[in-house]
Every structure is written in structure tokens, then in C-alpha cells.
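Note sheet for the following structure.
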Amino acid sequence: MRIGITCYPSYGGSGVVGTELGMELARRGHSVHFICYDAPFRLDRTQTNVFYHEVNVPNYPLFKHPPYLLALTAKMLETARYQSLDLLHVHYAIPHASSACLARDIIGGGLKVVTTLHGTDITLVASDPSFRDVVAHAINESDGVTAVSENLRQETLRSFPISTDLVTIPNFVDPGVWVRRPDPASRARFAPEGEKILIHVSNFRPVKQAGMVVRILAGVNRRLPGRLLMVGDGPDVGLAREVARELGVDDRVHFLGRQEQVVEILSQADLFLLPSERESFGLAALEAMACSVPVVASRTGGLPEVVVEGEAGYLLDPQDLAGMVEAAVAVLADPPTHARMAEAARRVAVTRFPTEKIVPLYEAFYRQVMR
Ligand code: GMT
């Protein structure tokens with residue numbers, strides 16, 4: 001098939017999923033054309049069957065806001081025409097699905113649109129009443145729509161006037177890439193012998209509760225010595241630093257910023273923390289699990305579909321700080337419990353969410369949409 005993929009190229013789960021999916025489809029022989037305003041950060045542009053088409057947004061003194069939606073539509077149209085695309089697969093409804101539907105309507109038949117909903121496009125952005133009908137229209141006008149968890153599928157059906165089928169296709173992880181590679185020298189750089197390593201990876205948006213992550217570390221530290229690695233960047237890094245200073249644990253929290261080699265860092269960690277207010281799936285938790293890192297997270301959104309409770313970790317109410325501290329200590333303080341959960345985390349990740357099982361679901365879905 002000849003497939004156009006649009007996703008946000010910056011750090012964020014939906015961009016990662018769109019990019020990894022496109023590269024895997026290319027490995028499977030499809031021609032994959034990325035249509036984005038920048039090259040996605042995980043994209044290998046030298047890979048066979050992978051092409052990149054940059055969206056150039058015109059600027060003119062009259063425009064207070066550059067017309068991204070229309071620039072994207074124009075690039076989709078051009079790419080679909082000259083590369084004879086069969087379908088456009090857009091990740092994140094806003095505004096990608098609207099652009100794709102418009103491009104298809106201009107072409108007038110043949111081209112299909114598949115939209116994948118990732119979460120905040122539905123739960124946060126689209127809950128603004130003025131966006132609601134626009135997003136619902138883009139979903140209803142798509143030729144096929146997927147959601148990354150059953151919870152997100154249900155929530156979309158509850159919150160929007162949807163007249164089309166939504167199919168759940170979960171996110172995935174490559175078990176050969178995301179695998180624990182212990183390295184005592186690297187571990188020693190983060191924590192002295194005998195101390196536990198907790199880790200959080202995110203874009204530090206308010207929904208991730210980065211301050212709460214630091215509070216959990218402080219609570220754990222009252223019971224056993226531990227360090228916290230904060231990987232990623234975003235608006236709440238400053239807040240998390242402030243909480244660390246207030247609680248007197250700033251020398252125990254390492255802000256590592258954006259990292260390319262996340263597997264290496266996860267491989268040294270003992271516990272992953274994700275106390276988000278909402279999380280439609282929790283790709284970062286899945287990647288940690290694949291690296292045999294148990295998870296303490298919020299019981300919210302799609303997380304219960306990923307982190308099997310009591311096996312791969314523990315889930316608590318997003319505001320239950322004491323409960324999260326207790327759960328973290330329960331995993332960290334007892335080596336047999338930790339070993340059992342680390343093993344289960346890896347097993348769940350590689351048996352339920354491996355690339356080789358999930359990507360064929362997208363291929364089958366494309367075939368169904370094309371029919
Ligand atoms: O987490 C974010 O704020 C970014 C967002 C995105 O679209 O990049 O992530 C969403 O999509 C990911 C990939 O499907 C999911 O793993 C995340 O759970 C989801 N984030 C939220 O629902 C908050």
C-alpha cells in the first residue's frame with residue numbers, strides 16, 4: 001500500500017506511535033510518506049520505503065496565525081496526487097483529521113482517511129465546547145477511526161455525537177529494542193550501591209502531575225534510600241524542581257531533560273512512576289514494562305488495560321499520594337516481589353503489545369477501509 005502518515009513530530013506519545021508504525025509498515029514493504037511540519041524525532045529518514053514531505057506554513061503580515069490546517073491540507077493533497085497514495089493515516093484528531101478529510105474531498109474519491117485518536121485530542125482539547133462539533137465532524141467523516149485503548153474508545157462515544165464505528169488498536173513496543181540492558185557503571189552514575197532508582201518519563205505537561213512524582217520519591221525516602229530520574233522536558237519541570245527543593249530532596253532528583261537513549265536509562269531503574277490525572281494509554285509505562293521495570297501509576301483512562309494490577313505494578317487514585325508511596329515501598333523493599341513484578345511487566349509487554357502482533361491489526365484495518 002501507499003500510505004501517508006501525519007503526526008506531531010515533537011516529543012509525545014502520538015508522534016512516537018505514528019513514527020514507529022510508519023517505519024514498521026515500511027519494513028513490511030509499504031511505501032510510507034510522512035507529511036509533517038518537521039521530521040519526527042524518532043524517524044530514520046534513510047530507511048528504505050520511507051519518505052518525508054515537509055509542510056511549509058506560509059507567513060504573510062496579514063496572518064496573525066499562520067494557516068497550518070490549510071498548509072497541511074495542501075501538502076496532503078499534493079503528496080496524495082503525485083505519490084498516488086491509497087490512504088492518509090493521521091495521528092491526533094486536531095487538526096490532522098480535518099485536513100485529511102478536506103484533502104480527500106478535494107481529490108474526490110479513491111483516497112481514504114484513517115484517524116487514530118490518542119487521548120488529549122479527545123479528553124482535553126476537544127472538551128472545549130467550541131471544538132466539540134469540529135472534532136466530531138472530522139471523526140465522523142473519516143473512513144476509519146481507531147482509538148489506542150478501549151477506555152478512550154468508550155469515552156469518545158460518550159462525549160461526542162459519533163455516528164461511525166470506532167475500533168480499538170492498542171499501542172505497541174518492539175521487544176527487541178525495548179529490553180533491559182543492565183550496566184553497573186551506568187547505574188552507579190545515578191545512585192550509590194544499595195539505593196533504589198525510581199524513574200519518570202514524560203512531556204511534563206500538568207496532566208502528568210510531575211510535582212506528585214517528586215512527592216512520591218520524598219515519601220519513599222523516609223522509608224528507604226532512593227533517587228529519582230526525571231526524563232523529558234515540558235512546562236512543569238520548573239514546578240517539579242521547586243517541589244524537590246521544598247521537600248529537601250533536590251540532591252536526590254536528577255533532571256535529565258530530553259534523552260535519545262531512554263532504554264539505557266530505564267535499564268538501570270527499579271520502579272516507574274506515572275501518577276497522571278488522565279492517561280488514555282500510557283506508552284511510557286509500556287516501554288518501561290518492556291524493560292522489566294514495574295509501574296506505580298494512576299488508576300485512570302487506559303492505564304488498567306496496560307499495567308496489569310498486582311502483577312506488573314500497582315494502580316491507585318491519581319490523588320492518593322500516601323497510597324502511591326505505600327505501593328512503591330511494597331515493590332522496592334521486598335526483592336522477591338520486585339523480581340516477580342519485573343518479570344510480569346516484561347511478559348505483559350511482550351505478549352500483549354509486541355509490534356509484530358499490533359501492526360498487522362493496522363494493516364488489516366487499512367484493507368477493510370479500502371474495501
Ligand atoms: O501524553 C501527552 O500529553 C501526549 C499525548 C500525545 O498525543 O502525544 O499522549 C497521548 O497519546 C499517547 C500515545 O497514544 C498515550 O500513550 C498517552 O497516554 C496519551 N496521553 C494522555 O492521554 C494524557
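The analysis underlying the following values was restricted to heavy atoms, covering all of them including side chains, and did not include hydrogens, waters or symmetry mates. Order of listing sets the numbers, starting from 1, for every ligand and every atom in it.
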Establish, yes or no, whether a centroid distance under 6.0 Å links the rings of His118 and Phe281.
no
Ligand 1 and Leu283, any nitrogen or oxygen pair closer than 3.5 angstrom?
yes
Are Lys208 and ligand 1 in contact, using a heavy-atom cut-off of under 4.0 Å?
yes
Element-labelled atoms of ligand 1 that are located less than 4.0 Å from some non-hydrogen atom of Gly282:
15 (C), 16 (O), 17 (C), 18 (O)
Distance-only N or O hit between ligand 1 and Phe281, under 3.5 Å:
yes
Ligand 1 contact on Tyr92 by region, counting heavy-atom pairs under 4.0 Å:
side chain
Of the backbone atoms (N, CA, C, O) and the side-chain heavy atoms from C-beta on, which set of Asn203 has a member under 4.0 Å from an atom of ligand 1: side chain, backbone, both, or neither?
side chain
Per-atom contacts, ligand 1 versus Gly13 - under 4.0 Å to a heavy atom
6 (C), 8 (O), 12 (C), 13 (C)
Which word best sums up how the rings of Tyr8 and Tyr92 line up, parallel for under 30°, tilted for 30 to 60°, or perpendicular for over 60°?
perpendicular
So, Ser280 versus Ser149: side-chain donor-acceptor pair below 3.5 Å or not?
no
Anything under 30° is parallel, anything over 60° is perpendicular, the rest tilted; go ahead and classify Tyr362 against Tyr366.
tilted
Numbered atoms of ligand 1 (with element) below 4.0 Å of Ser280, judged on heavy atoms:
15 (C), 17 (C), 18 (O), 19 (C), 21 (C), 22 (O)
Heavy-atom donor-acceptor pair, Arg104 side chain to Glu141 backbone, under 3.5 Å
yes
Verify the cluster assignment for Leu361 and Val32: are they in a single hydrophobic cluster under the rule of side-chain heavy atoms below 4.5 Å apart?
yes
Where's the contact between Glu279 and ligand 1, heavy-atom distance under 4.0 Å: side chain, backbone, both or neither?
both
Atoms of ligand 1, numbered as shown, that sit under 4.0 Å from any heavy atom of Arg278:
23 (C)
Side chain, backbone, both or neither: the part of Asp121 lying under 4.0 Å from ligand 1 by heavy atom:
neither
According to a 4.5 Å side-chain heavy-atom criterion applied to Ile, Leu, Val, Met, Phe, Trp and Tyr, with indirect links allowed, do Val348 and Val296 form part of one hydrophobic cluster?
no
Would you kindly say whether His30 and Glu363 are connected by a side-chain donor-acceptor distance under 3.5 Å?
yes
